[in-house]
There are 2 protein chains.
Amino acid sequence: MRTGGAVTLIDVAKAAGVSKTTASDALRGSGRVSESTRSHVVRTAQRLGYAPNPSARSLRGAGTGAVGLHVPDILARSEYYMSFLLGVVDEAAAVDHDVTLITARHLSPRGTLRRVDGVVLADPLSTDPVVAELMRADAPVVTCERFTGGTAPAGAVLGDHREALWRLLDRLRSAGARRPVLMAPNAATDWGATLQRAFRDHCRETGTGGVLHELPFGVPPAEVRARVKELLAADPAVDALLCGPDGSAQAALPAVYEAGRTPGADLLLAACVDAAGLAQSAPPVTAVDLHPREAGAACARLLFDLLSGTAPPGTVRRMECTLVERASTRELRRPA
Amino acid sequence: MRTGGAVTLIDVAKAAGVSKTTASDALRGSGRVSESTRSHVVRTAQRLGYAPNPSARSLRGAGTGAVGLHVPDILARSEYYMSFLLGVVDEAAAVDHDVTLITARHLSPRGTLRRVDGVVLADPLSTDPVVAELMRADAPVVTCERFTGGTAPAGAVLGDHREALWRLLDRLRSAGARRPVLMAPNAATDWGATLQRAFRDHCRETGTGGVLHELPFGVPPAEVRARVKELLAADPAVDALLCGPDGSAQAALPAVYEAGRTPGADLLLAACVDAAGLAQSAPPVTAVDLHPREAGAACARLLFDLLSGTAPPGTVRRMECTLVERASTRELRRPA
DNA sequence: ATGAAAGCGCTAACAT
DNA sequence: ATGTTAGCGCTTTCAT
């Protein structure tokens, strides 16, 4: 595209019988031209099928018209991440911006970010080299959850994970659980660290003998499964299983059955990340809905506010997470 | 970024004591400059942290350095699509290109594509307006699977879905199934249409009384579940269930149990799209691995070959799909 | 083997 | 209210 017969601003200006500047101003509605010429130019542009050349525009000094989104490999299978991505795209499109994907291979060899005005990072791993690189670059960064690696991003959107987990743990306790296990996400993310802390605090406050079992990021389902069976075999008193990382609950469910336990009956089961499958499994699994699409949108919105100066650097915005109660945590029935 | 102190070609040229042109040629290795000056300029550029400005480059006439990828909303939950996307990004990054996400809201109001040299479409729905728009634009399009909407794309990557389904149906038959049901993906995609055709043909050739049940795209799990139960109740003779759309097998599994049937025993179960969960469910579910990441990479590679003229317009490339046999199709045991 | 200069399409000063 | 001009950083003739 764009090569060959592309219609330029000059074409429009000539056809409308005005100057480049007037055409430009008319098209962007800068309020410099009279209403009559404006509409005339706009109509001409439409008739000619004019589309502004973004490269020229960005070369001239405006932004690049695109924001970056880091896509860590680990998250390839994460339903959460796909929704998050759509949220970012939604919001970017609303202000006529592109979304450019950034992966490990995508950093320019010379270490400079290409073609983006800013970057959104979902759940940045403090150990991810791409993240480190991105934080070092001079484009503003908005993270979903805090970045635990030192440098502070220009903005952040934070979920109330502590509160959500607290509510969930309260629920488990009132359903009868006394020995919950948290298969906690790695503390390399703020989310994982928050969950671990909240779990410990809740156990202490309620005098519960909870067990914390950390799961590195990107554990394959088979591994989750093996760990669950191991855990349950090693400690038969466990009466509630909380699955942290996205997808781990789906992997844990069959393992629970295989361990001879019945989720929702003699073992309560819950997930820290809701997913479509959890509502449909047998039994349906209680989960925290992180509202990923809205989270993505919120991050993008914050980034644009930062870029336009509407929000000051360092802005932090909050988001609510929702506890979705399903059959898997209804009530604990102790074996006779 | 890029604003403020960005190092430009002129800076490098000055620092190296050569002209803009020489610097440019040296950095791109156009073979115009002597080896000694070339290495000198390159070193200078490195020292200064120079990164070429893509906007300027693309303004000057080269491509935009980015390819588009259409992300239909429907696919938000598709593991397949997320992997496909990573494949595209991999390949694009390998030739130093960006990947720009395109959604419904993203088409410029004037119908012209922005900032991309070409577009990749995974499994284009003939009914998707964005797809129609994209096909109409003048950027080359590569589709994964055929586009059934009339216009031919510049290139296509095709899986051997007919063969794969055939193998699967053979397997089911030799495992004892005589009344298979295909919950077929909508015929609005080439993939869906191919699967439906293959199923009908196989049934005819083997004299099997198969049932075709079309599932529109993006059916929520609850709906899949309801349909499965309905199907199984209405026709108790059904002894094999084939799930088409990504995710439908996961939704179907609990429904099968609820219908009083035992998958892998008195009902064979299989999926047309493999997913992480299927290997871990109880029982593990036989599926066709579409190799999404490689498919994405293949599409991107084809697009770049098209853009560079290495491949002629109209090129079609093939990909193999793999049948992954698991416990759910081992052998049919008819109830006594 | 290297330079000089012309522009790609656009916007922002500076004029009217 | 509108027109003129000067670049943004780069590649590409055309000269040396």
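Small disclaimer: the values here were computed from a predicted structure and weren't measured. Both backbone and side-chain heavy atoms feed into the values below; hydrogens, waters and symmetry mates do not. Here is how names work: the chains are called A, B, and so on, in the same order as the sequence lines, proteins then strands, and each is numbered from 1.
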Separation of His40(A) atom NE2 from dA1(D) atom C1', in whole Å? 16 Å
Rounded to the nearest angstrom, tell me the gap between atom CG in Leu27(A) and atom P in dA12(C). 14 Å
Validation row: Pro72(B), Val130(B) side chains within 4.5 angstrom (heavy atoms): no
When you measure from the side chain of Ser126(A) to the backbone N and O of Ala188(A), does any donor-acceptor pair fall under 3.5 Å? yes
Under 4.0 Å from OP1 or OP2 of dA1(D): is there any side-chain N or O of Thr22(A) that close? no
Check this for me: does the side-chain of Thr21(B) come within 3.5 Å of the base of dT12(D) through a donor and an acceptor? yes
Listed partners of Thr315(A) passing side chain to side chain contact (heavy atoms under 4.5 Å, CB included), at least two apart: Leu302(A), Leu306(A), Ala311(A), Pro312(A), Arg317(A)
note: Lys14(B), atom NZ; dC10(D), atom C1'; distance rounded to Å ~ 15 Å
Distance-only, no hydrogens or angles: does the Asp11(B) side chain make a donor-acceptor pair with backbone N or O of Thr8(B) under 3.5 Å? yes
Phosphate-side-chain proximity, Ser24(B) and dC10(D), N/O vs OP1/OP2 below 4.0 Å: no
Classify Thr8(A) by what it touches in the nucleic acid, base, sugar-phosphate, or nothing, heavy-atom distance under 4.0 Å. sugar-phosphate
So what does Thr37(B) touch, heavy atoms closer than 4.0 Å: a base, only the sugar-phosphate, or nothing? sugar-phosphate
Bend angle of the helix from dA1(C)-dT16(D) to dT16(C)-dA1(D), end axes from five pairs each (to 10°): 40°
Roughly how many Å is it from CG in Asp25(B) to P in dT11(D), rounded to a whole number? 9 Å
Among dT4(D), dG9(C), dA4(C), the nucleotide that comes nearest once only the side chain of Asn53(A) is considered: dG9(C)
For the residue pair His97(A) and Phe304(A), does the interplanar ring angle fall in the parallel (under 30°), tilted (30 to 60°) or perpendicular (over 60°) class? perpendicular
A side-chain contact here means heavy atoms from C-beta on lying under 4.5 Å apart; do His70(A) and Val131(A) qualify? yes
Polar-atom pairs under 3.5 Å, protein N or O versus N or O of nucleotides 14-16 of chain C: list them with distances, or write none.
{"unit_1": "dC14(C)", "atom_1": "N4", "unit_2": "Arg32(A)", "atom_2": "NH1", "d": "3.4"}

Val71(B) vs Tyr81(B) side-chain heavy atoms within contact, under 4.5 Å: yes
Rounded to the nearest Å, what distance is computed from the CG atom of residue Leu9(B) to the C1' atom of nucleotide dT11(D)? 9 Å
Check for a donor-acceptor pair, side chain of Asp98(B) on one end and backbone N or O of Ala66(B) on the other, with a separation under 3.5 Å. no
Looking only at side-chain N and O atoms, does Arg60(A) come under 4.0 Å of OP1 or OP2 in dA12(C)? no
The residue, Gly31(B) or Ala56(B), whose nearest nucleotide of DNA chain C is more 5′ is Gly31(B)
I want to check one thing: is the phosphate of dG3(C), taken as OP1 and OP2, less than 4.0 Å away from some side-chain N or O of Ser19(B)? yes
Could you state the atom-to-atom distance from CD of Glu35(A) to C1' of dT2(D) in whole Å? 16 Å
Student check: side-chain heavy atoms of Val12(B) and Val7(B) closer than 4.5 Å: yes
Nearest to side-chain heavy atoms of Leu59(B), which nucleotide of dT12(D), dG9(C), dT11(C): dG9(C)
Side-chain contact, heavy-atom cut-off 4.5 Å: Asp190(A) with Phe147(A)? no
Just the rounded figure in Å: distance from P of dG7(C) to NZ of Lys20(A). 13 Å
